[in-house]
Amino acid sequence: MTPEEAVAEQERLRPRVVTTTDPDLVVRHVAGLDVSYADDDRLVAAVVVLDADSLETVDSAVVHGRADFPYVPGLFAFRELPSLLDALATLTVPPDLLVCDGQGLAHPRRFGLACHVGVLTDLPSVGVAKTPMGRFDPPGEERGAVGDLVDDGEVVGRALRTRAGVKPVFVSVGHRIDLDRACAEVLRLCVHRLPETTRRSDSLGRAHLR
DNA sequence: GCGACAG
DNA sequence: ATCTTGTCGC
């Protein structure tokens with residue numbers, strides 16, 4: 001797949017993104033998705049499913065793969081998507097929501113990793129990135145404070161303070177959820193700066209790198 | 001032409 | 001993403 005084809009694929013799938021929440025959506029099981037990289041082109045995709053209330057881990061999956069697409073800002077999904085989908089397919093506990101390590105709508109073509117994974121699995125998804133894509137209004141210092149994430153004059157997500165006094169994370173809609181609900185779901189997963197979903201999938205994947 | 005640019 | 005110890009603070 002060439003970068004040009006990848007862009008075309010994003011533009012083809014982008015109209016399928018749904019930015020509203022099903023009134024009946026109950027998030028009981030949340031999945032965290034992350035990929036770790038070795039020195040060569042090997043990678044490990046890790047998915048962890050947590051009980052959203054107790055934050056207990058109820059399922060997990062690990063898949064070894066190869067990076068066959070370079071890291072290109074804006075095309076990040078094409079590097080991690082194949083292995084992440086493989087890992088999701090081996091889960092025993094079906095997640096109600098996917099929490100991705102990266103952007104959703106906060107993307108140059110409004111189709112970041114979280115949107116891509118959400119559309120392909122048809123599951124609600126949110127993107128939680130450690131760094132912003134556009135500029136953002138600094139949120140207040142208290143836990144739960146938010147500020148707009150703006151790109152090209154549009155509000156594409158929110159800077160969310162998940163812990164008092166620490167750098168915010170950047171939340172954007174992936175699929176089948178609205179921004180308010182996305183932020184609320186992310187906040188309740190946060191004991192530390194990053195959601196437990198990403199912390200646990202990250203450490204699980206890293207542990208399998210050896 | 002120059003800088004920006006998730007992980 | 002990854003390379004990486006100690007150290008400051010609650």
Side-chain angles (χ1 to χ4, degrees), chain A residues 1 3-4 6-7 9-10 13-14 17 32-48 62-85 87 98-119 125-136 141-143 148-175 179 182 186 190-195 197-210:
Chain A
M1 159 116 41
E4 292 73 23
V7 169
E9 179 73 347
Q10 291 180 326
L13 296 175
R14 152 118 184 57
V17 172
L33 290 57
D34 189 53
V35 175
S36 298
Y37 298 85
D39 301 315
D40 44 42
D41 65 344
R42 289 175 303 121
L43 58 77
V44 173
V47 177
V48 167
V62 169
V63 161
H64 289 258
R66 305 234 160 237
D68 43 19
F69 199 92
Y71 168 66
V72 180
L75 299 179
F76 175 53
F78 294 88
R79 191 172 167 75
E80 309 203 328
L81 207 46
S83 302
L84 286 175
L85 292 176
L98 306 179
V99 177
C100 301
D101 195 6
Q103 319 282 1
L105 291 177
H107 174 277
R109 285 172 295 281
R110 306 292 178 259
F111 197 73
L113 174 67
C115 298
H116 208 144
V117 175
V119 165
S125 68
V126 309
V128 178
K130 295 182 274 301
T131 59
M133 264 309 246
R135 3 179 299 91
F136 65 98
E141 292 299 312
E142 73 283 8
R143 172 182 154 93
D148 287 343
L149 217 199
V150 182
D151 179 50
D152 216 40
E154 282 185 75
V155 174
V156 294
R158 239 169 240 166
L160 172 66
R161 189 87 62 189
T162 56
R163 205 181 170 183
V166 304
K167 206 163 88 99
V169 296
F170 304 89
V171 179
S172 57
V173 167
H175 186 50
L179 188 52
V186 168
C190 292
V191 178
H192 301 286
R193 176 187 177 231
L194 298 177
T197 38
T198 48
R199 285 170 53 91
R200 285 183 212 171
S201 52
D202 179 76
S203 69
L204 176 64
R206 203 169 301 204
H208 279 262
L209 226 36
R210 299 160 202 183

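Letters go in sequence order (proteins before strands), and every chain restarts at 1.
Look at CG on A:Leu43: it is 11 Å from P on C:dT2, rounded to the nearest Å. Counting to the nearest Å, the P atom of C:dA1 and the CG atom of A:Leu209 are 12 Å from each other. Summarising the geometry, the separation between CZ on A:Arg42 and P on C:dA1 is reported as 18 Å, rounded to the nearest angstrom. In this structure, CZ of A:Arg79 is placed 12 Å from P of C:dA1, rounded to the nearest angstrom. One can place CZ of A:Arg206 at 13 Å from P of C:dT4, the figure rounded to the nearest angstrom.
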Query raised in the report: So what's the dot-bracket for DNA chain B: Watson-Crick or G-U pairs under 3.5 Å, [ ] if a pair crosses, | if it pairs off-strand?
Result: .......
Report summary line: DNA chain C in dot-bracket form (Watson-Crick or G-U pairs under 3.5 Å, [ ] crossing, | inter-strand) is ..........
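Looking at A:Arg143, its side chain does come within 3.5 Å of a backbone N or O of A:Thr162 through a donor-acceptor pair. A donor-acceptor contact shorter than 3.5 Å is absent between the side chain of A:Arg199 and the backbone of A:His192. Looking at A:Arg193, its side chain does come within 3.5 Å of a backbone N or O of A:Lys167 through a donor-acceptor pair. Between the side chain of A:Ser125 and the backbone N or O of A:His175, at least one donor-acceptor pair lies under 3.5 Å. Proximity of a side-chain donor or acceptor of A:Lys130 to a complementary backbone N or O of A:Asp101 within less than 3.5 Å is not detected. Remark: side-chain polar atoms of A:Gln103 are paired, donor with acceptor, to backbone N or O of A:Thr131 under 3.5 angstrom.
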Report summary line: A correct 5'-to-3' footprint of nucleotides 5-10 of chain C, with B, S and - meaning base, sugar-phosphate only and no protein heavy atom under 4.0 Å, is ------
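Heavy atoms only, all atoms of each residue included: A:Ser36 and A:Asp202 are closest at OG-O, 3.9 Å. Here the shortest heavy-atom pairing between A:Gly165 and A:Arg161 reads N-CD, 4.3 Å.
Aromatic ring centres of A:His107 and A:Phe76 lie farther apart than the 6.0 Å criterion allows.
A:Ser172 places none of its side-chain heavy atoms less than 4.5 Å from the side chain of A:Val156. Side chains of A:Val186 and A:Pro195 form a contact here, defined as non-hydrogen atoms less than 4.5 Å apart.
Contacts between residues 157-173 of chain A and DNA chain B, defined by a heavy-atom separation below 4.0 Å, involve no residue at all. DNA chain B lies under 4.0 Å from at least one heavy atom of each of the following residues of residues 107-116 of chain A: A:His107, A:Gly112, A:Leu113.
Checked for salt-bridge contact, A:Asp34 and A:Arg206 miss the test: no charged N lies under 4.0 Å from a carboxylate O. A salt bridge links A:Asp40 with A:Arg42: the closest approach of a Lys/Arg side-chain nitrogen to an acidic carboxylate oxygen falls below 4.0 angstrom.
Here A:Leu84 lies out of heavy-atom contact (under 4.0 Å) with every strand. Counting any heavy atom pair closer than 4.0 Å across all strands shown, A:Tyr37 reaches sugar-phosphate atoms only and no base atom.
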Query raised in the report: What do the steps show when you test A:Phe69 against A:Met1 for side-chain contact (heavy atoms from CB on, under 4.5 Å), and what is the final call?
Result: CA-CA 8 Å; A:Phe69 199 92; A:Met1 159 116 41; 3.9 Å; yes
Report task. Would you check, one step at a time, whether the test side-chain contact (heavy atoms from CB on, under 4.5 Å) holds for A:Leu85 with A:His116? Result -> CA-CA 11 Å; A:Leu85 292 176; A:His116 208 144; over 6 Å; no
Query raised in the report: Is there a side-chain contact (heavy atoms from CB on, under 4.5 Å) between A:Val44 and A:His64 once you walk through the steps?
Result: CA-CA 5 Å; A:Val44 173; A:His64 289 258; 3.6 Å; yes
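Donor-acceptor pairing under 3.5 Å is recorded for the side chains of A:Tyr37 and A:Glu80.
Read 5' to 3', the first and last nucleotides of DNA chain B with an atom closer than 4.0 Å to a heavy atom of chain A are B:dC5 to B:dG7.
Distance check: A:Leu75 CG to A:Leu81 CG gives 12.0 Å after rounding to the nearest 0.5 Å.
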